[in-house]
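For reference, the structure is listed below as structure tokens.
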Amino acid sequence: MNAEALIQTRRNLHQIPELGFNELKTQQYLLKSIADLPQENLTVKTWKTGILVKVNGKNPSKTIGYRADIDGLPITEETDYSFQSIHEGQMHACGHDFHMTIALGVLERLARYPINDNVVIIFQPAEEGPGGALPLIESKLFQEWRPDLIFALHIAPELPVGTVSSKAGLLFANTSELFIDFRGKGGHAAYPHLTKDMVVAASSFVSQLQQIVSRRVDPLESAVITIGKIEGGFVQNVIAERARLEGTIRTLNPMIIDEVKQEIETLAKGYEISNDCIISIDYGSNYYQVFNDETYVDLFKETVQQTGVTWKEARAAMTGEDFGYMLKEIPGFMFWLGVDSPYGLHHSKLQPKEEALLTGVNLVESTIRNM
Ligand SMILES: CC(=O)N[C@@H](CCC[C@H](N)C(=O)O)C(=O)O
């Protein structure tokens, strides 16, 4: 695919974002694009809403894995694109349209000019949640085609096009989703003393959560608790009998995330007594940290230099990625690809620069050929 074809593919995928394990149109689009490639060296298999494509090597001694995630987010798009999402309330606001397009571009080149080793290109569903990597690793198909090394990229809105960034060791955090439900006695807005107001309980709980970070976690460690959504009650003059908080916990140390959860549970027990209510906590999906293999990062750095791309040493980030589970099992790495957007990841106006698509394809292809 030339630059124009990559851009068109990205725009087509951008229009059809779908949430985790519902990526049916996306899967059909990808399967159709893969079917249009020369098939002699390819074996294509689906796994749930994802796809794995094996490019059979000419004289294989190992299998190289490359993973792209394919799901969108429940965000209403606010870009001024002419090719906005046609799925109300859903958007590729984390760059997975870029990730898929780059993987397709690389696949096309490998299908035409295979390398000696086998390459498995993985189109993985549900990265944003509930997590596709872990069940995929456990699948028979993945075990059969299990790569000996694996890598992936993530777009970086804050980096210019032509720049990549990564580091050996810890790159992304340990994460856990967080859902907290409050149930108490509601009633008339004019008689608060006869009720247990769950909006008041939940909103003060949000502030107390921040004190877990500032007062309970060792200051030499790091933790983030973000509540991204609050809901409760149903009308302005009724005291709410229920409220719900939805958020996420992030830590750089896998042990600290368990400590934070313990502190949240202790806090909830106290709140149940003081607010005469029932609190239930659900941790949803949990992702293991992204930990890069030093040898492969060094090899990648060499390729970056050879291809004229600018290298920037990364700092660890509090972002999460279920690709961490793949790196727990298989050595490899993840890197950031500069796409220069004024709005960041998970923003309704994210507008990555499309020139980065070709940079991504060239770099990933060269990396695979150098491994
Ligand atoms: C790269 C990125 O933005 N990943 C997501 C992963 C979300 C995991 C899960 N749904 C959670 O919120 O804990 C991120 O938000 O970092």
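Counting starts at 1 for both ligands and their atoms, in listed order. No experiment lies behind these values; they were computed from the predicted model shown.
- Taking a cutoff of 4.0 Å between a charged side-chain nitrogen and a carboxylate oxygen, E313 and K301 qualify as a salt bridge.
- Ligand 1 has no nitrogen or oxygen under 3.5 angstrom from a nitrogen or oxygen of S285.
- Here K349 does not pair with E78 in a salt bridge; the nearest charged N to carboxylate O distance is not below 4.0 Å.
- Remark: the backbone N or O of A173 is not paired with any side-chain donor or acceptor of R250 at under 3.5 angstrom.
- Cation-pi geometry between K261 and Y283 is satisfied (NZ or CZ under 6.0 Å from the ring centre, within 45° of the ring normal).
- Interface atoms of ligand 1 facing R250, defined by a heavy-atom separation under 4.0 Å, are 11 (C), 12 (O), 13 (O), 14 (C), 15 (O), 16 (O).
- Listed by number with element, the atoms of ligand 1 under 4.0 angstrom from any heavy atom of H154 are 1 (C).
- Look at E144 and K54 and you find no salt bridge, because none of the NZ, NE, NH1 or NH2 atoms lies under 4.0 Å from a carboxylate O.
- Interface atoms of ligand 1 facing C94, defined by a heavy-atom separation under 4.0 Å, are 2 (C), 3 (O).
- The protein heavy atom nearest to atom 3 (O) of ligand 1 is H346 NE2, 3.1 Å.
- The distance criterion of under 3.5 Å between nitrogen or oxygen atoms is met by G320 with respect to ligand 1.
- Here the straight-line distance linking atom CG of L299 with atom CE of M371 works out to 6.0 Å at 0.5 Å rounding.
- Between the side chains of Y271 and S204, at least one donor N or O lies within less than 3.5 Å of an accepting N or O.
- Any N or O atom pair closer than 3.5 Å counts here, and T319 shares no such pair with ligand 1.
- Nearest non-hydrogen protein atom to atom 9 (C) of ligand 1 is E177 OE2, 3.4 Å.
- Residue contact check: T175 has heavy atoms under 4.0 Å from atoms 13 (O) of ligand 1.
- Short contacts between ligand 1 and T248, defined as distances under 4.0 Å to a heavy atom of the residue, involve ligand atoms 11 (C), 12 (O), 13 (O).
- Using a cut-off of 4.0 Å between Lys/Arg side-chain N and Asp/Glu carboxylate O, R369 and E365 are scored as salt-bridged.
- Looking at atom 8 (C) of ligand 1, its nearest protein heavy atom turns out to be Y287 CE1, 3.3 Å.
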